[in-house]
Structure formats: C-alpha cells, structure tokens
Amino acid sequence: MTTKKILITGGAGFIGSHVVRRMVNYYPDYHIYNLDKLTYAGNLENLRDIENSPNYTFIKADIVDGEKMHSLFSEYQFDAVIHLAAESHVDRSISNPMEFITTNIVGTVSLLNAAKANWKTFDEKLFYHVSTDEVYGSLGEEGFFTEETKYNPHSPYSASKASSDHLVRAYHDTYGLPIKISNCSNNYGANHFPEKLIPLAIHNIKNNQPIPVYGKGENVRDWLYVEDHATAIDLIFHKGKVGATYNIGGFNEWKNIDLIHLLCRIMDKKLKRADGTSAKLITYVKDRAGHDLRYAIDATKLNKELGWNPSLQFEEGLEKTVDWYLTNEDWLNHVTSGDYQKYYEVQYTKR
Ligand code: NAD
Ligand code: TDX
C-alpha cells in the first residue's frame with residue numbers, strides 16, 4: 001500500500017534523475033511524482049528504465065506557475081517535496097540572469113506557497129530544498145565551508161540559490177513549514193549536460209574539439225559522484241533534523257587544470273589514443289566573470305550525525321563517467337543537437 005506521495009521537482013535533470021531513480025527503486029511503498037518543465041537540461045531519456053514503474057508518475061509543469069502548483073498539490077495531496085528544479089549553469093546566469101531569478105526564486109516561492117496552503121497540518125510533512133555550496137562564495141587557499149559559513153554569493157546563479165535558501169528558511173521561521181536544506185559541492189556522473197566542465201571536456205575530446213579552460217585553470221572545485229549525492233539526499237530526507245541544514249561533499253578538491261589532465265589520460269586510454277593526444281586539445285580561454293577561486297565543503301556534520309560517506313574514489317568515478325558517455329552516444333548526440341550548437345558558437349565567439 002502506498003504510504004507516502006513524494007513530489008520531486010527537476011527529476012528529468014542531471015541530479016534529479018538519480019534521486020528519482022533511487023526513490024522509485026528503493027521505496028516501492030512511496031509514489032514518486034516527478035514534476036519537470038523539460039527545459040534544455042531536462043530529458044526523459046534519463047529515466048527510461050523506471051518510467052513504467054507502478055509507483056512513478058511524470059508531470060510536465062513549470063514551478064513558476066503558482067496556480068498550477070496549487071491545483072497539483074490539491075489534486076495529488078503530496079506529503080513531501082524534494083525540490084531540485086532550477087536553472088543550474090553559472091555561465092548562462094551571467095548572460096541571462098532573469099531566467100534564474102524567475103525559476104530559482106519565484107519558482108521556489110510558488111512551491112512553498114502551494115505546500116503551505118494545501119497542507120492542513122504540517123505533521124509528517126516535509127519541504128526539502130536541494131541547494132549548492134556556491135551560496136557561501138569563494139574560499140582562499142585554506143579553510144572549508146561549514147553550515148555556519150556566512151552566505152556571500154557572487155554569480156547571478158549563486159545569488160538566486162542563496163535567495164531561495166533564505167526564503168525556504170523564512171517559511172520555516174515565519175509559518176512553521178517543516179523544511180530541510182542541503183548544500184552540495186560539484187557533482188559529476190551520468191546524465192550531466194555537456195555544458196558543465198567534465199561532460200563538456202569528454203564530449204570535446206571525443207570529437208577532437210578544443211577543451212576550453214577558463215583563465216589559468218587554477219580554480220579549485222570539490223567533486224562528488226552524483227549517486228553519492230543521491231544517497232545523501234535520501235538519508236537527509238529520512239533521518240535529517242527538521243529545520244536543519246547539511247553540507248554534502250567528498251573532501252575531493254581538484255584544480256581544474258589537474259582534473260582536465262587526469263581526464264585526458266583516461267580518455268587516451270579508453271579511446272586507445274597515444275598518451276598525450278587529448279591534452280593537446282587544452283585551450284586556455286578568457287576567464288569567467290566573477291569566477292570563484294575555490295570551493296571546499298566540510299561534510300563532518302553529515303558524517304557524524306547521519307553516518308554518510310561517499311562510496312567512490314574520484315578516479316574510479318571519473319572512469320565510470322567516461323564509460324557512460326562513450327556507451328551512450330545516442331544520448332550525447334540527442335542533447336547536443338539543435339540549439340546546443342548555436343549556444344556554443346555564441347559562447348566561443350564571445351571570448
Ligand atoms: P539540471 O540543470 O541538470 O536540471 C534541472 C532540471 O530542472 C531540469 O530537468 C529542468 O528541466 C528542470 N527545470 C528547470 N526550470 C524549471 C521550471 N521552471 N519548472 C520545472 N522544472 C524546471 O540541474 P542539476 O545539476 O541536476 O541540479 C539540480 C539541483 O541541484 C539544482 O537546484 C542545483 O542548484 C542543485 N545543485 C547542483 C549541483 C551540481 O553540481 N550540478 C551541485 C549542488 C547543487
Ligand atoms: O568550459 C569550461 N571551462 C572551465 O574552465 C567550463 C564549463 C567550466 N570551467 C571551469 C569553471 C569552474 O571553475 O570549471 C569549473 C567547473 O565549472 P562548471 O562545471 O560550470 O561548474 P561550477 O560553475 O563550479 O558550478 C557547478 O557546481 C555547483 C554546477 O554547475 C552548479 O549547478 C552547482 O551548484
């Protein structure tokens with residue numbers, strides 16, 4: 001018998017698809033409703049293996065549409081929300097901030113309002129908001145982001161995510177809405193749209209195209225395998241404290257240029273090319289405006305309170321990721337057809 005109706009937003013995207021798959025497969029007693037607008041980043045191919053599961057329903061809708069959110073909450077009586085839908089690419093937020101304000105801020109408030117208005121009692125209800133470490137700003141050479149680090153976002157993307165985090169907390173503090181928030185570091189893995197560094201580099205190496213490295217390639221990111229993020233979300237959803245925030249990260253910092261060299265070595269091996277072939281494609285390009293120098297997450301709270309640990313070493317995860325992209329050519333061809341080419345021509349000519 002179905003015990004819980006869970007609304008997952010953005011489930012056709014990169015991280016959302018892994019969260020949906022996990023919840024559908026691990027919790028047959030739950031009914032999972034995947035609500036997604038299917039923007040350029042949303043793709044139902046990401047969920048082919050579970051789309052016919054009896055405990056899964058897809059709803060195409062825009063979270064910004066407040067009336068629609070109200071009517072869906074009233075129709076389905078969701079018990080909980082795991083909110084991932086967002087515009088997620090920093091470079092796009094620099095060229096078009098308004099879309100980020102609309103989806104990430106207004107969309108989040110429209111969901112909060114629908115939950116608040118339709119949940120007659122808040123007992124056993126939960127609004128879980130999935131966020132990013134970018135809200136904390138940028139670190140120097142030392143130190144880590146903890147849950148107590150002050151927000152200091154720099155890009156329109158991170159400012160919109162920071163704003164949505166504040167609004168989720170405001171609904172908790174003001175109306176007593178039961179919420180949880182997690183802030184995660186950079187994810188990588190299958191289904192990642194090839195505009196983000198790792199899948200873009202894999203795609204370009206495969207096609208003998210330049211690998212664009214911003215600035216000097218010295219910016220540092222803290223990488224986590226996407227399925228490890230999904231296990232953390234599952235754990236926080238079920239066992240985390242209501243009202244609390246959890247940082248998620250794998251203590252896995254890499255300078256962009258070192259990561260690209262590692263990826264080039266893996267690609268040479270997988271494509272049976274001579275050592276050093278892929279690295280010749282590395283091309284330094286104009287830096288990202290306002291480029292944050294370093295992100296590094298302290299995930300001690302999540303480990304101590306809930307016993308979470310990442311399962312994969314980076315090199316192992318990266319090899320799995322490369323294998324996935326090399327065996328899923330149709331997916332890659334599909335998502336890089338049409339507007340993708342146009343977008344990248346514009347991006348590159350700008351630099
Ligand atoms: P993504 O861009 O791959 O997917 C976003 C999904 O949201 C897509 O399926 C898209 O169609 C959907 N969407 C966008 N606007 C919508 C709207 N108005 N209504 C309904 N659906 C809409 O993003 P992702 O990388 O999977 O990120 C998911 C979430 O996790 C985001 O909230 C992001 O801020 C957060 N996050 C991402 C990372 C990362 O490394 N990618 C790290 C930490 C946190
Ligand atoms: O072509 C590139 N060349 C390059 O040098 C791209 C796309 C990126 N970069 C650099 C910029 C960053 O320092 O690589 C690093 C990673 O860039 P992205 O993959 O665009 O990720 P980032 O900007 O760090 O943000 C990601 O992590 C946090 C996600 O896109 C966000 O949604 C998430 O919140």
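For ligands, and for the atoms within them, numbers begin at 1 and follow the listed sequence. Owing to the predicted nature of the structure, the values given are computational and were not obtained by experimental measurement. Quick note: residue numbers are just sequence positions, from 1.
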Mind checking whether Thr132 has an N or O less than 3.5 Å away from an N or O of ligand 2? yes
State plainly whether the residues Asp49 and Arg21 are in salt-bridge range, i.e. N to O under 4.0 Å. yes
List every atom of ligand 2 that sits less than 4.0 Å from any heavy atom of Val90, numbering the atoms from 1 in the order shown and giving each element. 23 (O)
Shortest non-hydrogen contact between Gly189 and Thr321, atoms and distance: CA-OG1, 3.5 Å
Quick one: does ligand 1 sit under 4.0 Å from the side chain of His89, the backbone, both or neither, non-hydrogen atoms only? neither
Where ligand 2 meets His89 - atom numbers and elements under 4.0 angstrom, heavy-atom basis: 20 (O)
Might you point out which heavy atoms bring Leu38 and Ala12 nearest each other, and give the distance in Å? CD2-CB, 3.6 Å
Rounded to the nearest 0.5 Å, the NE2 atom of His238 sits from the CG atom of Leu306 at a distance of 12.5 Å
With the threshold set at 4.0 Å, does a side-chain nitrogen-carboxylate oxygen contact exist between Lys270 and Glu319? yes
Checking side-chain polar atoms at under 3.5 Å, does Ser74 have a donor or acceptor matched by the opposite partner on Asn118? no
Side chain to side chain donor-acceptor pair (under 3.5 Å) partners of His261, counting only residues at least two apart: none
Considering distance alone, does some N or O of Val64 sit under 3.5 Å from an N or O of ligand 1? no
Classify the ring geometry of Phe78 against Tyr76: parallel below 30°, tilted from 30° to 60°, perpendicular beyond 60°. parallel
Could you tell me whether ligand 1 has any atom less than 4.0 Å away from a heavy atom of Gly107? no
Do me a favour and list the nearest non-hydrogen protein atom to atom 8 (C) of ligand 1 with residue, atom name and distance? Asp36 OD2, 3.6 Å
I'd like to check whether Asn43 has a polar contact with ligand 1, where a contact means an N/O of the residue lying under 3.5 Å from an N/O of the ligand. no
Is the shortest N/O to N/O distance between Asn186 and ligand 1 below 3.5 Å? no
Near Leu200, which atoms of ligand 2 are under 4.0 Å from a heavy atom of that residue? 1 (O)
Shortest protein contact, atom 25 (O) of ligand 1 (heavy atom only): Phe14 CD2, 3.7 Å
Min N/O separation Thr132 to ligand 1 under 3.5 Å: no
Take every heavy atom of Ser17, measure it against each atom of ligand 1, and state whether any distance is under 4.0 Å. no
Considering only heavy atoms of Tyr157, which atoms of ligand 2 have at least one such atom less than 4.0 Å away? 31 (C), 32 (O), 33 (C), 34 (O)
Of the non-hydrogen atoms in Ser131 and Lys161, which two are nearest, and what is the gap between them? OG-CE, 3.7 Å
Taking the inter-plane angle between the rings of Tyr136 and Tyr151 on a 0 to 90° scale, is it parallel (under 30°), tilted (30 to 60°) or perpendicular (over 60°)? perpendicular
Would you call Lys4 and Glu124 a salt bridge, using N to O less than 4.0 angstrom? no
Can Tyr157 be said to touch ligand 1, with heavy atoms closer than 4.0 Å? yes
Assign the ring pair Phe237 / Tyr128 to parallel, tilted or perpendicular, where the plane angle (0 to 90°) is split at 30° and 60°. parallel
Can you name the atoms of ligand 2, numbered from 1 with element, that are less than 4.0 Å from a heavy atom of Val213? 5 (O)
Which one holds for Val130 and ligand 1: side chain close, backbone close, both close, or neither close, with close meaning a heavy atom under 4.0 Å? both
Nearest heavy atom to atom 22 (P) of ligand 2: which of Lys216, Lys196, Glu134 does it belong to? Glu134
List the closest protein heavy-atom neighbour of atom 18 (N) of ligand 1: residue, atom name, distance to the nearest 0.1 Å. Asp62 OD1, 2.8 Å
Below 4.0 Å from ligand 1: does a non-hydrogen atom of Gly11 turn up there or not? no
In the protein, which heavy atom is nearest to atom 5 (C) of ligand 1, and how far is it? Ala86 O, 3.5 Å
Short N/O distance, under 3.5 Å, between Ile15 and ligand 1? yes
For Lys161, counting its heavy atoms only, list the atoms of ligand 1 lying under 4.0 Å from any of them. 31 (C), 32 (O), 33 (C), 34 (O)
At under 4.0 Å between heavy atoms, what of Leu197 touches ligand 2? The answer is both
Check whether any N or O atom of Gly13, backbone or side chain, sits under 3.5 Å from an N or O atom of ligand 1, and answer yes or no. yes
Roughly how far, to the nearest 0.5 Å, is the CG atom of Asn256 from the NE2 atom of His291? 6.0 Å
Give the contacting part of Leu38 toward ligand 1: side chain, backbone, both or neither, where contact means a heavy-atom distance below 4.0 Å. backbone
Are any of the N or O atoms of Arg288 closer than 3.5 Å to those of ligand 2? yes
Numbered in order shown, the ligand 2 atoms found under 4.0 Å of a heavy atom of His291 are 11 (C), 12 (C), 13 (O)
Mind listing the closest non-hydrogen atom pair of Ser155 and Val90 along with its distance? CB-CG1, 3.9 Å
Testing the 3.5 Å rule here: is there a donor-acceptor pair between the side chains of Asn104 and Tyr157? no
A student checking ligand 1 against Ala85 at a 4.0 Å heavy-atom cut-off should list atoms 7 (O), 21 (N), 22 (C)
For ligand 1 and Lys196, I'd like to know whether there is a polar contact (N/O to N/O, distance under 3.5 Å). no
Please indicate whether any nitrogen or oxygen in His229 is less than 3.5 Å from any nitrogen or oxygen in ligand 1. no
Mind telling me whether Tyr325 and Trp331 have parallel, tilted or perpendicular rings, with 30° and 60° as the class edges? perpendicular
With only distance considered, is Pro212 within less than 3.5 Å of ligand 2 through an N or O on each side? yes
For Ser131, the atoms of ligand 1 under 4.0 Å from one of its heavy atoms are 43 (C), 44 (C)
Do me a favour and list the nearest non-hydrogen protein atom to atom 21 (N) of ligand 1 with residue, atom name and distance? Lys37 N, 3.1 Å
When you measure from the heavy atoms of Thr9 to every atom of ligand 1, does any distance fall below 4.0 Å? no
Any carboxylate oxygen within less than 4.0 angstrom of a Lys/Arg side-chain nitrogen, looking at Arg48 and Glu51? yes
Heavy-atom pair of closest approach, residues Lys301 and Thr245: NZ-O, 2.7 Å
Is Glu195 near ligand 2, meaning one of its heavy atoms is under 4.0 Å from it? yes
Ligand 1 and Asn187, any nitrogen or oxygen pair closer than 3.5 angstrom? yes
Atoms of ligand 1, numbered as shown, that sit under 4.0 Å from any heavy atom of Gly42: 8 (C), 9 (O), 11 (O)
How long is the span from the NZ atom in Lys116 to the OH atom in Tyr175, to the nearest 0.5 Å? 5.0 Å
Run the salt-bridge test on Arg92 and Glu99 with the 4.0 Å N-O cut-off and return the result as yes or no. no
Hey, does Asp91 come in under 3.5 Å of ligand 2, counting only N/O atoms on both sides? no
Measure the acute angle between the ring planes of Tyr30 and Tyr27, then classify it against the limits of 30° and 60° as parallel, tilted or perpendicular. parallel
So is Tyr295 polar-close to ligand 2, meaning N/O to N/O under 3.5 Å? no
Please determine whether residues Leu35 and Val19 belong to a single hydrophobic cluster, defined as Ile, Leu, Val, Met, Phe, Trp and Tyr linked transitively by side-chain heavy-atom distances below 4.5 Å. no
